[in-house]
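Heads up, the thing below is written out as structure tokens.
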Amino acid sequence: MQSSTPPISGTCSGKAGDTDAISVDAACPLSVTLTNPGPALVRITRQLNGQAATTQDVPVGGNASASGPLTRFDWTYVDADPARITTVTLSATSQ
């Protein structure tokens with residue numbers, strides 16, 4: 001995304017243990033929000049340029065966000081049922 005890019009959004013899904021990510025470049029600061037409608041927990045990992053990575057569990061019905069010069073934004077689906085699919089929604093805007 002470049003600074004003139006309008007906000008974007010989309011969905012993705014996975015089963016227990018799957019990891020998805022968005023491609024980020026710290027040269028273009030972003031605001032990213034992940035919304036988890038369920039049915040399983042999602043664990044995000046985010047990292048800002050020059051800082052340590054942090055993780056956060058996003059419960060069903062919850063959301064998590066990150067803003068700034070991101071170098072990493074990914075998430076893993078955490079579910080006791082290995083066959084069940086969870087879909088998340090992402091939205092991003094350039095800062």
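Between D74 and D20, the closest side-chain pair of non-hydrogen atoms is not below 4.5 Å. Annotation: side chain of W75 is not in contact with side chain of V58 (no heavy-atom distance under 4.5 Å). Two residues are said to be in side-chain contact when any heavy atoms from C-beta on lie closer than 4.5 Å; P39 and T86 meet this criterion. Side chains of V32 and I22 form a contact here, defined as non-hydrogen atoms less than 4.5 Å apart.
The nearest pair of heavy atoms linking R72 to A53 is NH1-CB, 4.2 Å. The nearest pair of heavy atoms linking P69 to A26 is CB-O, 3.4 Å. Nearest heavy atom pair, residue P82 against residue A80, reads CD-O, 3.3 Å.
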Please lay out, stage by stage, how I85 and Y77 fare under the test side-chain contact (heavy atoms from CB on, under 4.5 Å). CA-CA 9 Å; I85 295 174; Y77 303 92; over 6 Å; no

Candidate pair L48 and T71, rule side-chain contact (heavy atoms from CB on, under 4.5 Å), full reasoning: CA-CA 6 Å; L48 292 171; T71 57; over 6 Å; no

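Linking Ile, Leu, Val, Met, Phe, Trp and Tyr residues whenever their side-chain heavy atoms come within less than 4.5 Å leaves L41 and L34 in two separate clusters.
Screening R84, R43, K15 for a salt bridge (charged side-chain N to carboxylate O under 4.0 Å, His left out) with D79, the sole residue that qualifies is R84. Of the residues listed (T76, V78, N36, T35), the one engaging V42 in a side-chain contact (heavy atoms from CB on, under 4.5 Å) is N36, and it is the only one.
Although no hydrogens or angles enter the test, the distance criterion places a donor-acceptor pair under 3.5 Å between the side chain of R46 and the main chain of S65.
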Anything under 3.5 Å between a donor and an acceptor, one on a side chain of residues 6-14, the other on a protein residue two or more places apart or in another chain? List them.
none

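Taking CG of L90 as the reference point, atom OG1 of T33 lies at 8.5 Å (rounded to 0.5 Å). The CG atom of L70 sits 8.5 Å away from the OG atom of S31 when rounded to the nearest 0.5 Å.
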